[in-house]
Amino acid sequence: MIAAEEVALVLLAAGRSSRFGTANKLEAEFLGKPVGFHVTTALEDIRFATRIVVTDGCQLDFASRGYHVIHNADVGQGMSHSLHLGVREAIAASPRAILIALADMPRVTASHIYRLFDAFEGPDTIVASSNGQYPTPPGLFGSARFDALLTLKGDEGGRKLVAGGRHVVTAPAELIDIDTPEDLERLRALVHAPERVVTRGGAHRSD
């Protein structure tokens, strides 16, 4: 187990969003607010040692929500580059662990994050979330794993790192991430979001 005050939060909010089209997926509306602000709201009462967000310049004001904003000027290098930027900044706070979360996962809950904290067993800890089939973010990494995080390249390296860790299973709906407009529309339908307009002939988005 680890206390929240000993954990640095690194929120990854940068990327090309090429599969979402020309719009920034984090700025798309979901349940009355931007997709990217759902996770910040869910985790706002957790007393992290520090909160860091890595972004590519989207219009969401993460600073107003208590985050130290790191700009990724080269999103073409992939998610691993954002990860490196965030982890390096987090290490400066001397945390016992770093929590890696994604801003395009709007259904993550604080209770699940506390379950990750409960699974912490020391510096070598790797705890990943799981939908019951495979591991996903958010993930918790003990201090002995920081160097490994800084050497990751691409998504495959991250999957290999978490494969040998502990997995905390939660409902698949909590771990939905938004990559395409269709993903967002399915999630709107799942929770009966007001942005989804239902008609006799089917449904369409209001934006």
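What you see is a predicted model, and the numbers here were worked out from it, not measured in a lab.
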Q.
On the six-membered ring of F37, is R65 placed so that its NZ or CZ lies under 6.0 angstrom from the centre and within 45° of the ring axis?
A. yes
(Q) Main chain of I178, side chain of K25: is a donor-acceptor contact present, judged purely on distance under 3.5 Å? (A) yes
Q: Check the pair R96 / I2 against side-chain contact (heavy atoms from CB on, under 4.5 Å), numbers first and verdict last.
A: CA-CA 8 Å; R96 290 183 62 206; I2 189 170; 3.7 Å; yes
Q: State, yes or no, whether a side-chain contact exists between F146 and P123 at a heavy-atom distance under 4.5 Å.
A: no
Q) Restricting to pairs with a member in residues 74-86, which pass salt bridge (charged side-chain N to carboxylate O under 4.0 Å, His left out), not counting sequence neighbours? A) none
Q: Would you confirm whether H167, through its side chain, and V162, through its main-chain N or O, come within 3.5 Å as a donor-acceptor pair?
A: yes
Q. Does a side-chain heavy-atom distance below 4.5 Å link S129 with H112?
A. yes
Q) Given side chains that start at C-beta, do those of I113 and L43 come closer than 4.5 Å, heavy atoms only? A) yes
(Q) Measuring from atom CG of L116 to atom CG of L140, what distance do you get when rounded to the nearest 0.5 angstrom? (A) 6.5 Å
Q: Spell out, as yes or no, whether a donor-acceptor pair under 3.5 Å connects the side chain of R115 to the backbone of V169.
A: yes
(Q) Walk me through whether F120 and V127 qualify under side-chain contact (heavy atoms from CB on, under 4.5 Å). (A) CA-CA 7 Å; F120 182 85; V127 184; 5.5 Å; no
**Q.** Side-chain ion pair, D183 and R186, N-O less than 4.0 Å
**A.** yes
**Q.** side chain to side chain contact (heavy atoms under 4.5 Å, CB included) partners of A73, counting only residues at least two apart
**A.** H71
(Q) Contact between L12 and M79 at the side-chain level, heavy atoms closer than 4.5 Å - yes or no? (A) yes
Q) Does any N or O in the side chain of R107 come within less than 3.5 Å of the main-chain N or O of D177, such that one atom is a donor and the other an acceptor? A) no
Q: For A148, enumerate each residue passing the side chain to side chain contact (heavy atoms under 4.5 Å, CB included) test, keeping only those at least two apart in sequence or located in another chain.
A: L161
Q | Sole candidate of V10, T55, L60, L9 that passes side-chain contact (heavy atoms from CB on, under 4.5 Å) when paired with Y67 | A | L9
**Q.** Side chain proximity check, I70 to V53, heavy atoms < 4.5 angstrom
**A.** no
Q.
Would you say T125 and E121 are linked by a side-chain donor-acceptor pair, where the criterion is simply a distance under 3.5 Å?
A. no
Q: Could you grab the distance from atom CD of E44 to atom CZ of R51, nearest 0.5 Å is fine?
A: 8.0 Å
Q. How many angstroms lie between atom CG of L102 and atom CG of D104, to the nearest 0.5 angstrom?
A. 5.5 Å
Q: Find the distance between CG (L184) and CG (D179) and round it off to the nearest 0.5 Å.
A: 11.0 Å
Q. If you round to the nearest 0.5 Å, how far is OG of S80 from CG of L150?
A. 11.0 Å
Q | Student check: side-chain heavy atoms of I100 and I98 closer than 4.5 Å | A | yes
Q) Quick one: OG1 on T136 to CD1 on I176, what's the gap to the nearest 0.5 Å? A) 11.0 Å
Q) Is a side-chain N or O of H38 found less than 3.5 angstrom from the main chain of F30, in a donor-acceptor match? A) yes
Q | Any donor-acceptor N/O pair, E27 side chain to Q59 backbone, under 3.5 Å | A | yes
Q. Would you find a donor on one side and an acceptor on the other, under 3.5 Å apart, between the side chain of R145 and the backbone of D124?
A. yes
Q) In terms of ring plane angle, is the pair F48 and F117 parallel, tilted or perpendicular, where the classes change at 30° and 60°? A) perpendicular
Q.
With a 4.5 Å cut-off on side-chain heavy atoms, are V108 and M105 touching?
A. yes
Q) Does the side chain of L99 come within less than 4.5 Å of I46's, by heavy atoms? A) no
Q.
Using a 3.5 Å distance criterion without hydrogens, assess whether the side chain of S82 forms a donor-acceptor pair with backbone atoms of V54.
A. no
Q.
Checking the side chain of N131 only, and the main-chain atoms of Y134 only, is there a donor and an acceptor separated by less than 3.5 Å?
A. yes
Q: Kindly say whether I52 contributes a backbone atom to a donor-acceptor pair with the side chain of H68 at under 3.5 angstrom?
A: no
